[in-house]
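For ligands, and for the atoms within them, numbers begin at 1 and follow the listed sequence.
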Amino acid sequence: MMLHIPGVLTPDQVRQLRSRMTPEAWIDGRASVGTQGAQVKRNRQLAEGTPLAQELGSVIVRALTANPLFFAAALPLRILPPYFNSYAGGEHYGLHIDGAIRTPANGGQTLRADVSTTVFLSDPEDYEGGELVVMDAYGAHEVKLPAGDAIVYPSSSVHRVNPVTAGERVASFLWTQSMVRDDGQRTMLFDLDQNIQKLRAQVGDNEATVGLTGHYHNLLRMWAET
Ligand code: NI
């Protein structure tokens with residue numbers, strides 16, 4: 001499932017994050033990938049595990065975990081400290097797949113990457129190109145969202161970032177291990193949850209909505225690892 005989550009960060013939060021990213025904080029993005037990724041990755045990122053990356057990352061994690069749509073879609077068990085990247089002057093990240101198992105730079109707990117999230121920190125009019133392109137069974141999906149918005153997609157998808165031919169594209173990126181490993185099961189739970197909420201808004205709580213809520217939780221009980 002790909003899901004657009006609007007307004008994860010307020011414009012003020014975006015401005016504050018961006019103001020902390022001084023030019024000297026950026027390093028070569030190839031520091032964090034394997035040999036296959038290094039062949040196609042051309043961007044800059046904030047060094048992992050530094051106090052700056054941790055501080056800015058905690059703003060992103062707090063905002064996402066407080067967001068009901070993110071919670072319902074990702075069902076997060078563990079979140080790897082977010083990365084921050086910048087693309088300018090033709091930089092891009094060619095077609096690749098993210099590694100399944102990730103360990104934080106500062107030696108924290110290893111996690112399995114189930115859900116990938118990009119939080120846009122530049123507005124679309126600030127740069128040319130730079131679309132995140134995610135492939136799935138329905139084709140290639142181009143994503144370019146307002147600053148503060150996020151896109152969530154399965155970490156199992158092949159994807160790329162198109163060259164940024166003018167301006168600068170700054171984004172945060174993170175991996176989540178979900179309580180529900182399988183994207184199909186997560187999608188079913190998300191659909192059920194969203195439709196129960198619509199129904200409750202229309203008719204209030206009754207025996208049927210309580211029954212459906214019970215069904216949601218019983219599926220979660222069957223599928224979740226904690
Ligand atoms: Ni990637």
task: Among residues two or more places apart or on two chains, list those pairs meeting ring-ring contact (aromatic ring centres under 6.0 Å, His included) that have a residue in residues 147-171.
output: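 For residues 147-171: H96-H159, Y153-H159.
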Of all heavy-atom pairs between L121 and V14, which one has the smallest distance, and what is that distance?
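In terms of heavy atoms, the two residues are closest at O-CG1, 3.7 Å.
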>> Testing R44, R169, R42 one by one against E91 for a salt bridge (charged side-chain N to carboxylate O under 4.0 Å, His left out), which residue passes?
In response: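 One option only clears the test, and that one is R44.
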Side-chain atoms of residues 58-65: list all donor-acceptor pairs with protein atoms under 3.5 Å, sequence neighbours left out, distances to 0.1 Å.
residue, atom, partner, partner atom, Å
S58, OG, E55, O, 2.8
T65, OG1, V61, O, 2.8
T65, OG1, R62, O, 3.3

- Query: Under a 4.5 Å cut-off applied to non-hydrogen side-chain atoms, are Y83 and S172 in contact?
  - Reply: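 With C-beta onward as the side chain, the pair stays apart.
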Worksheet entry | Residue list, salt bridge (Lys or Arg N to Asp or Glu O under 4.0 Å) with R102, at least two apart or on another chain |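 By the salt bridge (Lys or Arg N to Asp or Glu O under 4.0 Å) rule, R102 matches no residue at all.
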query = Under 2.8 Å from the Ni ion (ligand 1), protein N/O/S atom count?
reply =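 Step by step: take the Ni ion (ligand 1), keep protein N, O, S below 2.8 Å, and you get 3.
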